[in-house]
Amino acid sequence: HDCEGKTTYETCQVNAQLGYFADRPSTLTCQADGRFQGDLPVIRPQTCPSFSFSPGVGSTCHNATLGMECWAYCESGWIGSPRRYDCKLNATGQLQLEALESITCTISGNGNGRRLAQSCADANADVRLLSRSFLHSCASLQDGDVCVVHCSSGFTMLEAEPALLSCQDGQFVGGPLPSCSPRSCDFAFPTGIGVQHDCNGRKTGENCTAQCGEEFTYTFGGAETFTCTSSGNFLGANPSCERKLCEDLQLPELYTHNCREKRSGDTCGVTCALGYYFASWGSQFLCNGTFQGTLPSCQPNKCTDVPALGEVLSGNCEGLTTGESCELSCGAGFSPNSSRLTCDESGAFLGAYPLCNPANCPGSFALDHESIAHNCEAVPFGRSCNVYCALGYDLLDPTASLWSCQLNGSQLMLEGVLPLCEPARCWLGLPVSLQSYTDNCSGLAFKESCTLQCAMGYTAHGDHRVHRPGSIGSDGGSLISSTYRCDSNGVAQTDNTRPNCTLQTCISNLTLPGVLTTCEDVQ
């Protein structure tokens, strides 16, 4: 082969050495794990050419193969010692049978010839010869013929020479048969990625099992049986194995790794996920049925863009790390609302801030006075409104009063100073001052009323009359008056007509004795 020095994914060819032949060409590929993958060919020894022995020599050397021993012996009627021959490669690389000492057989001079007797043609003439450990020339012997028995290929003969048997009256006599020890096979062991076997020490004719190792599984089929052959190599088909898949590694979110679809013997790395930092080095895991390794120590990063709360928001997002969250709420003075922020792997907070609208202040009872006017309905937190004198009232303090919606503790409240307001005096519509009238309308103010009536010495004539007991009048004390009321615009309003006042006529029925007067109808 030319497999020395091959690197990953390079190929090499495996073929039979000189004196052997392969059943097929074979190509092996160097795998990533350093093993060659591919089926080895079945190697068998070649057969030595036929050897021509002298007359009177029998042998078991017909079809002897490389490395095989055979024996030549003297047949019946010939004398000589058996000799061992080996099928070898000579100096020129040619197969030939060689012996340390060639056999020499001489005729015994015994001319008795054959006699009629039972032959040893029966295969069961000697059941001992049925053992596969023996190679012999005892088939179809006639009575008186001689054969040799020695150990077959794959066995070692413990004796120095083979056994010679002769056929007599249908039975083999002679011996004893040689002791044959099976040889161990040392070539063509089961091979392949992940293949394990129990073939070490197996001897000729024994079987062993090739199977996938614990870290491997069968691509197809199952375990295979190998047999130790007489040529010293194992014969069988290698099982097809592939490394077992490890179940993908499942780890918490603080880790990241490439331990997926890995097979036994593969390695992979586990590191800290984005958003986490190493408190120790990364770790390598090994797929060995399951993933084995030590996890690195990963600590979460802190989020640095902590939300600025101010007066609008409340919450506690300080010191949060990757994956942690906090709740932001609208602060006091704002309509209730909240949202949740999460510290992202990038070190920033993800999530929308809550929409915080200023809450409205409730009304103030202090503003519910008739002299006060304002625009303080539904004032939002932080905003202000105006408080001033209502229509019909005058402001004593010329400074405008500004109220604001503020927090008092945790409660919203309108705060400010009430303006000083007094009823406004009427300046239009007041009765004109005439001699015939009298009134109390001086200084008449908003919502106040006054009365206009005839002055003393005058009497009223009209439809609106008010009886005032004790008054003096031409009609016995009845007075007619007009009422004025000051409205919010500073105008004195009256629904009455002005009384018609005329001078009163003095009483003219004064009679004095002896006195004449001109006082009748005096006004």
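Residues: numbered from 1 along the sequence shown.
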Is there a donor in the side chain of Gln31 and an acceptor in the side chain of Gln37, or the other way round, less than 3.5 Å apart?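 Yes.
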Tell me yes or no: between the side chains of Glu327 and Ser338, is some donor less than 3.5 Å from an acceptor?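 A pair is found: one side chain offers a donor N or O, the other an acceptor, under 3.5 Å apart.
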Could you give the distance from [atom1] ([X]) to [atom2] ([Y]), rounded to the nearest 0.5 Å?
X: Lys244; Y: Thr217; atom1: NZ; atom2: OG1; value: 6.5 Å
X: Gln284; Y: Thr294; atom1: CD; atom2: OG1; value: 11.5 Å
X: Gln453; Y: Ser436; atom1: CD; atom2: OG; value: 12.0 Å

Within [range] or reaching into it, pairs that qualify as ring pair (Phe, Tyr, Trp, His ring centres under 6.0 Å) - sequence neighbours excluded:
range: residues 257-277; result: none
range: residues 363-389; result: Phe334-Phe381
range: residues 214-234; result: Phe189-Phe234

Close side-chain approach of Pro239 to Val195, heavy-atom, < 4.5 Å: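 Yes, at least one pair of side-chain atoms sits under 4.5 Å.
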Could I get the full list of side-chain hydrogen bond (donor to acceptor under 3.5 Å, both in side chains) partners for [X], not counting sequence neighbours?
X: Thr156; result: Arg183
X: Glu422; result: none
X: Ser325; result: Arg340
X: Thr191; result: none

Candidates Asn258, Thr290, Leu249 - the one meeting side chain to side chain contact (heavy atoms under 4.5 Å, CB included) with Phe285: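 So the option named by the test is Leu249.
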For Leu355, which residues count as a side chain to side chain contact (heavy atoms under 4.5 Å, CB included) partner, sequence neighbours excluded?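 So Leu355 forms a side chain to side chain contact (heavy atoms under 4.5 Å, CB included) with Asn337, Asn357.
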How would you list, by chain and number, every residue that makes a salt bridge (Lys or Arg N to Asp or Glu O under 4.0 Å) with Arg485, sequence neighbours excluded?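 Partners of Arg485 under the salt bridge (Lys or Arg N to Asp or Glu O under 4.0 Å) test: none.
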By salt bridge (Lys or Arg N to Asp or Glu O under 4.0 Å), which residues pair with Arg243, not counting sequence neighbours?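 So Arg243 forms a salt bridge (Lys or Arg N to Asp or Glu O under 4.0 Å) with Asp266.
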Test log, rule side-chain contact (heavy atoms from CB on, under 4.5 Å), inputs Cys12 and Phe36: CA-CA 9 Å; Cys12 59; Phe36 283 102; 3.7 Å; yes
Tell me the salt bridge (Lys or Arg N to Asp or Glu O under 4.0 Å) pairs involving residues 366-384, sequence neighbours left out?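 Pairs touching residues 366-384 that pass the test: Glu370-Lys447.
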For Cys356, give me all partners under disulfide (SG to SG under 2.5 Å), at least two apart in sequence or on another chain.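 Per chain and number, Cys356 pairs via disulfide (SG to SG under 2.5 Å) with Cys330.
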